[in-house]
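One-based numbering, in listed order, for ligands and for the atoms of each. Quantities reported herein were computed from a predicted structural model and do not represent experimental measurements.
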Amino acid sequence: MTRGFRVACIARQCSSEQRRSSYRSMADAQKDPAMDEPFLSNLDLFLFLFSLIAGLIVYWMVFRKKAEPIPEFKKLESTPQTTRDTSFIDKMKKTGKNIVVFYGSQTGTAEEFANRLAKDAHRYGMKGMSADPEEYDMSELSRLPEIENSIAIFCMATYGEGDPTDNAQDFYDWLHEGDANFSGVKYTVFALGNKTYEHYNAMGKYVDQRLSELGAQRIFDLGMGDDDGNLEEDFVSWREQFWPAVCEHFGVEATGEESSIRQYELKVHSDVNMNKVYTGELGRLKSFESQKPPFDSKNPFLAPVTVNRKLNKAGDRHLMHLELDITGSRIRYESGDHVAVYPINDSVIVSRIGDLLGVDLDTVISLNNLDEESNKKHPFPCPTTYRTALTHYLDITNPPRTNVLYELAQYASEPKEQENMRKMASSSAEGKALYQSWVLDSCRNILAVLEDLPSLRPPIDHLCELLPRLQARYYSIASSSKVHPNSIHICAVVVEYETKTGRVNKGVATNWLKNKTPTDNGHKATVPMYIRKSQFRLPFKSTNPVIMIGPGTGIAPFMGFVQERGWLKEQGKEVGETVLYYGCRYKNEDFLYQEELEEFEETGVLTELNVAFSRDQAEKVYVQHLLKRNKEAVWRLVHTDNAHIYICGDARNMARDVQNAFYEIAEELGGLSRAQAVDYIKKLMTKGRYSQDVWS
Ligand SMILES: Cc1cc2nc3c(=O)[nH]c(=O)nc-3n(C[C@H](O)[C@H](O)[C@H](O)COP(=O)(O)OP(=O)(O)OC[C@H]3O[C@@H](n4cnc5c(N)ncnc54)[C@H](O)[C@@H]3O)c2cc1C
Ligand SMILES: Cc1cc2nc3c(=O)[nH]c(=O)nc-3n(C[C@H](O)[C@H](O)[C@H](O)COP(=O)(O)O)c2cc1C
């Protein structure tokens with residue numbers, strides 16, 4: 001669909017270009033003085049017209065068929081390469097697949113689940129493939145019944161205000177606007193979300209309902225995965241009921257045990273040109289050496305770190321302010337956007353994995369997909385070394401999922417260890433409880449698993465095949481592009497905690513960023529980054545008041561907002577009230593950006609600076625308490641003055657507590673019932689006057 005549109009645009013562009021050139025030649029001709037004098041005699045003109053007509057008749061008779069104009073876009077659409085690439089139906093038919101698992105995924109979980117479901121199909125005598133909706137022509141879904149016993153499974157994550165992931169956006173728009181007929185299409189949906197968000201699993205619910213409205217047949221109930229609880233367990237439990245339902249539906253029997261099938265084969269490169277080996281690039285080889293815009297998730301910009309300072313004056317945490325230089329990158333951002341950074345794993349953990357598995361991490365390898373029809377040729381850029389894969393491409397610090405434990409279990413030589421690994425991957429109550437306590441509650445990463453199961457020594461290439469990809473981390477930009485067009489500011493807290501096993505786990509990105517000092521042994525320290533646009537925006541009219549609520553690192557986007565309001569004032573614009581509710585533990589310890597904020601208050605850019613110091617007194621005081629304390633002023637701003645409300649920071653507790661505070665204020669000062677107050681805030685959200693930028 002997209003390709004067709006693009007080609008049509010190119011065609012349109014060509015014809016307008018032709019029109020422009022013919023206008024140009026007419027104009028040129030009009031300016032030519034020679035045009036004033038006739039240069040053809042009447043005879044010449046007659047002969048010319050005669051030969052022209054005769055020529056045209058011959059041409060029409062001989063070449064008529066060949067000369068039929070073929071629009072350029074048709075030629076492109078019929079190219080076999082293009083058709084094969086975007087047609088999932090053709091691919092399924094060609095490779096004998098009857099299950100297609102689409103995923104809407106931002107940080108890889110839904111994609112992982114889709115891959116697992118596609119692999120599962122084998123156990124039931126079926127064949128599955130996972131598919132990115134962005135890569136295929138989704139209008140083909142209505143053709144799925146052409147394939148016998150076929151099912152489309154959708155693993156859909158939700159983001160923002162109930163929005164689809166980037167790769168599912170076009171599919172969502174098409175479903176929303178279209179009126180396809182899906183009769184005969186069999187489907188099921190597993191939704192991935194987090195209960196702490198207002199629009200819990202909104203995308204999964206939407207796709208489930210919309211497919212049914214368009215005539216598709218739901219063959220198993222919508223699965224609801226909650227990342228705030230145990231998403232893995234939700235998925236495993238749903239899956240265990242889903243497959244028997246599919247078997248019953250089609251009258252087939254499971255062929256046997258879950259089997260371990262390798263998806264990639266190892267190739268060791270003994271004699272390789274090191275210039276052809278990936279060293280951490282996400283897309284194009286050598287893209288880190290020769291940087292070329294535009295910069296995005298596949299082509300991040302290496303931004304030099306120009307400032308890295310500790311923000312807190314005391315305490316055992318480390319809160320930091322970083323500035324990334326984007327001069328010359330052509331990167332543009334708005335206050336409220338996010339910057340995504342690609343971190344790298346701790347070299348100590350990488351080396352330790354290599355030591356435990358007894359491998360030379362500098363071996364150059366490729367993992368090649370055994371399915372030659374797959375769009376994904378390798379699990380990460382190849383050829384590369386094991387060290388690069390474990391450092392740049394693979395997630396080695398999150399607790400491994402149950403399928404990883406299941407597949408690795410075959411390499412545990414000690415029967416008890418093998419049994420426990422299989423148990424944790426099973427759907428039995430005992431197995432789930434063991435996985436919860438031994439892996440999740442104990443925060444065991446793959447290194448801790450290898451250390452604590454001494455008989456488990458898998459081949460490193462299989463481990464690399466199973467581990468998920470290391471994901472970029474997002475940070476709410478703490479600067480305004482109006483004031484800082486060439487730099488992007490980050491405000492972050494370093495993650496470090498002790499686990500139940502006595503190990504100290506360190507957050508990948510924040511510990512890596514902490515050590516990014518502007519000059520690193522004489523070299524500029526750089527960070528691979530790109531911008532992710534958000535909906536978190538200051539009001540269009542600067543005269544609208546704003547109430548910003550952002551405790552802790554939730555202050556980040558508001559540093560940008562306040563800078564921007566100050567800049568608008570400097571430009572002579574009228575700016576509405578700018579009210580900030582900020583929170584920290586102790587005034588003398590972690591009052592981030594104290595000097596800057598107090599100066600904004602003194603100069604009148606900030607009309608109110610309300611700070612909740614939670615631990616400076618016996619009673620805990622949080623931002624929601626201050627909002628309630630100032631309820632009259634808050635209600636006036638919201639109800640009478642059309643203020644826009646912004647909340648940033650912790651999704652789990654703070655965002656919910658603040659929302660409750662608004663309900664209470666609306667009840668008390670607006671004379672509303674709780675249901676009406678809830679409705680009141682919902683309406684503000686719909687109008688874009690209650691926005692959240694929260695994470696958990
Ligand atoms: C849209 C968005 C905007 C964000 N903006 C900001 C921002 O402005 N500033 C900011 O600091 N962060 C922000 N974050 C969070 C940020 O992206 C990272 O998640 C955070 O910095 C941690 O990354 P890390 O790689 O250091 O930690 P990771 O290696 O990812 O480790 C973090 C994980 O460790 C675990 N964990 C952490 N503490 C404990 C504990 N005490 N006990 C047990 N387990 C624990 C949790 O599972 C947690 O998810 C934002 C996130 C999103 C999605
Ligand atoms: C910034 C952010 C916003 C989110 N918004 C929502 C939401 O509105 N509703 C919801 O149910 N889950 C929300 N989630 C949770 C994700 O959908 C969930 O973690 C999911 O497992 C992510 O899948 P993925 O890794 O495939 O992208 C959000 C998560 C983040 C980090």
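With R585 contributing its side chain and S614 its backbone, the two residues share no donor-acceptor pair below 3.5 Å. Checking side-chain atoms of Y435 against main-chain N and O of E233 turns up no donor-acceptor pair under 3.5 Å. Listed for the T158 side chain is a donor-acceptor partner under 3.5 Å among the backbone atoms of A202. Distance alone, capped at 3.5 Å, places no donor-acceptor pair between the Y586 side chain and the A314 backbone. Side-chain atoms of W567 do not come within 3.5 Å of backbone N or O of S480 as any donor-acceptor pair. A donor-acceptor contact shorter than 3.5 Å is absent between the side chain of E323 and the backbone of V305. T165 places no side-chain N or O within 3.5 Å of a backbone atom of Q106 that could act as its donor or acceptor partner. With hydrogens and angles ignored, the 3.5 Å screen pairs a side-chain donor or acceptor of R444 with a backbone N or O of W438. With D650 contributing its side chain and M654 its backbone, the two residues share a donor-acceptor pair below 3.5 Å.
Summarising the contacts of atom 26 (O) of ligand 2 with G104, S534, S105, the nearest heavy atom is found in S105. Nearest residue to atom 8 (O) of ligand 2 from G160, G108, A168 is G160 (criterion: closest heavy atom).
When the shell of 6.0 Å around NZ of K506 is examined, it contains 12 or fewer heavy atoms from other residues, nucleotides or ligands. Surrounding NZ of K682 are at most 12 heavy atoms belonging to other residues, nucleotides or ligands under 6.0 Å away. At most 12 heavy atoms of other shown residues, nucleotides or ligands fall within 6.0 angstrom of atom NZ in K587. Atom NZ of K310 has more than 12 heavy atoms from other residues, nucleotides or ligands within 6.0 Å.
Distance screen at 4.0 Å: atom 47 (O) of ligand 1 has no protein heavy-atom neighbour inside the cut-off. Protein non-hydrogen atoms do not reach within 4.0 Å of atom 33 (C) of ligand 1. Inside a 4.0 Å radius of atom 19 (O) of ligand 1 there is not any protein heavy atom.
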Item checked: side chain to side chain donor-acceptor pair (under 3.5 Å) assessment of E232 paired with T402 -> CA-CA 8 Å; E232 174 70 15; T402 57; 2.2 Å; yes

Notebook entry, point to check: Should T279 and E281 be marked as a side chain to side chain donor-acceptor pair (under 3.5 Å) after you check the CA-CA gap, both sets of side-chain angles, and the distance that decides it?
Noted result: CA-CA 6 Å; T279 56; E281 301 93 321; 3.3 Å; yes

Next item on the list: Any chance you could lay out the side chain to side chain donor-acceptor pair (under 3.5 Å) test for E111 and N115, step after step, and finish with the verdict?
Entry: CA-CA 6 Å; E111 181 178 354; N115 288 336; 4.5 Å; no

Check: Yes or no on side chain to side chain donor-acceptor pair (under 3.5 Å) for Q659 and E198, after CA distance, side-chain angles and deciding distance?
Finding: CA-CA 10 Å; Q659 199 159 321; E198 177 80 14; 2.9 Å; yes

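For atom 31 (O) of ligand 1, the closest non-hydrogen atom of the protein is G507 CA, 4.0 Å. Considering only non-hydrogen protein atoms, atom 8 (O) of ligand 1 sits nearest to S476 N, 3.2 Å. Looking only at heavy atoms of the protein, atom 15 (C) of ligand 2 is closest to N194 CB, 3.6 Å. In terms of protein heavy-atom proximity, atom 21 (O) of ligand 1 is nearest to Y475 OH, 2.7 Å. Scanning all protein heavy atoms for the shortest distance to atom 22 (C) of ligand 1 gives V495 CG2, 3.8 Å. In terms of protein heavy-atom proximity, atom 9 (N) of ligand 1 is closest to C491 O, 2.9 Å. The closest protein non-hydrogen atom to atom 7 (C) of ligand 2 is Y197 CB, 3.4 Å. What sits closest to atom 40 (C) of ligand 1 on the protein, heavy atoms only, is Y497 CG, 3.4 Å. If you check which protein heavy atom lies closest to atom 20 (C) of ligand 2, you get L192 CB, 4.0 Å. Considering only non-hydrogen protein atoms, atom 9 (N) of ligand 2 sits nearest to H199 O, 2.8 Å.
For E112 and R401, the salt-bridge test passes: some basic side-chain N is under 4.0 Å from an acidic carboxylate O. Remark: E589 does not engage K313 in a salt bridge, criterion side-chain N to carboxylate O under 4.0 Å.
Counting heavy atoms under 4.0 Å from ligand 1, residue A556 touches it through the side chain alone. Residue T510 touches ligand 1 through backbone and side chain together, judged by heavy-atom distances below 4.0 Å. Under 4.0 angstrom from ligand 2, the non-hydrogen atoms of L231 all belong to its side chain. Residue contacts with ligand 1 for A478 are absent, since no atom lies close enough (heavy atoms, distance under 4.0 Å). Residue-level proximity to ligand 2 for Y159 is carried by backbone and side chain together, each with a heavy atom below 4.0 angstrom. Contacts between W695 and ligand 1 below 4.0 angstrom, taking non-hydrogen atoms only, involve the side chain exclusively. The backbone and the side chain of T109 each have at least one atom closer than 4.0 Å to an atom of ligand 2 (non-hydrogen atoms only).
Any N or O atom pair closer than 3.5 Å counts here, and A157 shares no such pair with ligand 2. The N/O atoms of T107, backbone and side chain alike, include one that comes under 3.5 Å of an N/O atom in ligand 2. Taking distance alone, with nitrogen or oxygen atoms compared against 3.5 Å, T397 stays at or beyond that limit from ligand 1. At under 3.5 Å, not a single nitrogen or oxygen of D693, backbone or side chain, sits near a nitrogen or oxygen of ligand 1. Ligand 2 has an N or O atom lying under 3.5 Å from an N or O atom of T158, backbone or side chain. Among the atoms of V508, some N or O lies under 3.5 angstrom from an N or O of ligand 1. By the 3.5 Å distance cut-off applied to N or O atoms, T165 is not counted among the residues near ligand 2. Ligand 1 has a nitrogen or oxygen under 3.5 angstrom from a nitrogen or oxygen of Y474. Taking any N or O of C443, backbone or side chain, none lies under 3.5 Å from an N or O belonging to ligand 1. Here's the thing with R473: one of its N/O atoms is less than 3.5 angstrom from an N/O atom of ligand 1.
Using the six-membered ring where Trp is involved, F380 and Y393 have ring planes that are parallel, under 30° apart on the 30 and 60° scheme.
At least one heavy atom of N201 lies less than 4.0 angstrom from ligand 2. A heavy-atom separation below 4.0 Å is not found between P343 and ligand 1. Using a 4.0 Å cutoff on heavy atoms, Y200 counts as a contact of ligand 2.
Among Q535, R537, R332, the one residue that satisfies the side-chain hydrogen bond (donor to acceptor under 3.5 Å, both in side chains) test with D337 is R537.
Which parts of ligand 2 touch Q106 is read off a 4.0 Å heavy-atom cut-off, strictly below it: atoms 24 (P), 26 (O), 27 (O). Counting the atoms of ligand 1 from 1 in the order shown, those under 4.0 Å from a heavy atom of V493 are 11 (O). Applying the 4.0 Å criterion to heavy atoms of D227 picks out, from ligand 2, the atoms 18 (C), 19 (O), 21 (O). Within ligand 2, the atoms closer than 4.0 Å to a non-hydrogen atom of G162 are 8 (O), numbered from 1 in the order shown.
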